[in-house]
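Just so we're clear, the structure is a prediction, and the values are computed from it rather than from any experiment. Scope of the values below: all heavy atoms of this structure, side chains included, with no hydrogens, waters or symmetry mates.
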Amino acid sequence: MSDVWPTELRVSKDRQRLVVTFNDGASFDLSAELLRVLSPSAEVQGHGPGQKVTVPGKRNVAILSMTPTGNYAVRIGFDDRHDTGIYTWSYLRELGEKGADLFADYERELAEKGMSRDISEKPR
């Protein structure tokens, strides 16, 4: 089991953010959009190297549900019906620590593919 685990997972009233506080005192405010477009699901990450897809049009996605998965993760459901991502504590920590860089990479991918955070279309 990981050395760090969340002591609190709190969804904002508007369902646009998730605050994760860890047992070592670190706390991260993660946007629903970041969580959705970087979902650890096979639908987003693929089943192997080079299969990851870029998911556009999720600027206003909201968190609908969070379901504990064992003692190591949480499954997050979004209002676009995506609910297959299982977010381990270590992955949530990584998103907290590297989220700004990862999101900047995502925005570059969108631009390179002529896609937008505002217009929903098939991921590619």
Side-chain angles (χ1 to χ4, degrees):
M1 184 164 162
S2 172
D3 291 339
V4 294
W5 61 88
T7 56
E8 180 180 33
L9 297 168
R10 183 173 18 98
V11 178
S12 63
K13 288 182 182 180
D14 66 2
R15 305 201 136 318
Q16 300 289 308
R17 310 204 65 77
L18 172 65
V19 175
V20 183
T21 303
F22 287 90
N23 64 317
D24 64 355
S27 185
F28 303 100
D29 184 346
L30 306 172
S31 73
E33 181 183 15
L34 171 91
L35 292 164
R36 174 60 181 91
V37 301
L38 296 177
S39 171
S41 69
E43 179 183 327
V44 174
Q45 299 300 324
H47 292 280
Q51 293 183 353
K52 183 176 184 286
V53 297
T54 305
V55 182
K58 301 301 178 187
R59 184 187 302 265
N60 296 311
V61 72
I63 297 168
L64 285 186
S65 64
M66 292 197 321
T67 307
T69 303
N71 292 321
Y72 68 96
V74 64
R75 180 186 302 265
I76 300 176
F78 298 90
D79 66 354
D80 66 352
R81 298 188 179 152
H82 179 76
D83 66 356
T84 59
I86 297 175
Y87 296 77
T88 63
W89 306 148
S90 60
Y91 188 59
L92 287 173
R93 181 69 177 236
E94 179 183 348
L95 291 176
E97 292 175 347
K98 301 177 183 175
D101 291 336
L102 294 170
F103 198 78
D105 291 343
Y106 163 72
E107 289 184 303
R108 273 191 292 281
E109 289 172 19
L110 283 175
E112 288 169 4
K113 294 178 179 184
M115 300 164 90
S116 164
R117 291 174 59 199
D118 297 304
I119 299 171
S120 186
E121 60 180 275
K122 184 177 179 182
R124 44 188 156 117

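- Residues Gly99 and Leu34 share a closest heavy-atom pair of O-CD1, 3.8 Å.
- Atoms CG and CE, on Leu18 and Met66 in that order, are 5.0 Å from each other to the nearest 0.5 Å.
- Put simply, the side chain of Glu33 never gets that close to the backbone of Val61: no donor and acceptor are under 3.5 Å apart.
- Scanning both residues, Gln16 and Ser12, for their nearest heavy atoms gives N-OG, 3.3 Å.
- No side-chain heavy atom of Arg93 sits less than 4.5 Å from a side-chain heavy atom of Val20.
- Pairing each heavy atom of Asn60 with each of Asp79, the nearest pair is O-OD2, 4.3 Å.
- Closest heavy-atom contact between Met115 and Pro123: CE-CA, 4.4 Å.
- Separation of atoms CG (Leu92) and CH2 (Trp5) is listed at 15.0 Å; rounding is to 0.5 Å.
- Ser65 contributes atom OG, which lies 8.5 Å from atom CZ of Arg15 (distance to the nearest 0.5 angstrom).
- Taking the side chain as every heavy atom from C-beta outward, Trp89 and Val74 approach each other to under 4.5 Å.
- Hydrophobic clustering (side-chain heavy atoms under 4.5 Å, transitive across Ile, Leu, Val, Met, Phe, Trp, Tyr) groups Val11 together with Leu9.
- Summarising the geometry, atom CG belonging to Leu95 is positioned 9.5 Å from atom OG belonging to Ser31; distances are rounded to the nearest 0.5 Å.
- A distance of 13.5 Å separates NZ in Lys58 from CG in Leu38, rounded to the nearest 0.5 Å.
- Between the side chain of Arg75 and the backbone N or O of Asp83 there is at least one donor-acceptor pair closer than 3.5 Å.
- Taking 4.0 Å as the cut-off between side-chain N and carboxylate O, Glu109 and Lys113 do not count as a salt-bridged pair.
- Interatomic distance, Leu30 CG to Phe28 CZ, rounded to the nearest 0.5 Å: 8.0 Å.
- Taking hydrophobic clusters as Ile, Leu, Val, Met, Phe, Trp and Tyr residues chained together by side-chain heavy-atom distances below 4.5 Å, Leu102 shares a cluster with Ile76.
- Through ILVMFWY side-chain contacts below 4.5 Å, Val19 is grouped with nothing and stands alone.
- Thr7 is linked by a side chain to side chain contact (heavy atoms under 4.5 Å, CB included) to Thr21, Asn23, counting only residues two or more places apart in sequence or in another chain.
- Listed by chain and residue number, Phe103 satisfy the ring pair (Phe, Tyr, Trp, His ring centres under 6.0 Å) test with Tyr106 (two or more places apart in sequence, or in another chain).
- In terms of heavy atoms, Ser41 sits closest to His82 at OG-CE1, 3.1 Å.
- What you find for Gly85 and Ser39 is that their closest heavy atoms are CA-OG, 3.6 Å.
- Leu35 is connected to Leu110 through a chain of hydrophobic side-chain contacts under 4.5 Å among Ile, Leu, Val, Met, Phe, Trp and Tyr, so both are in one cluster.
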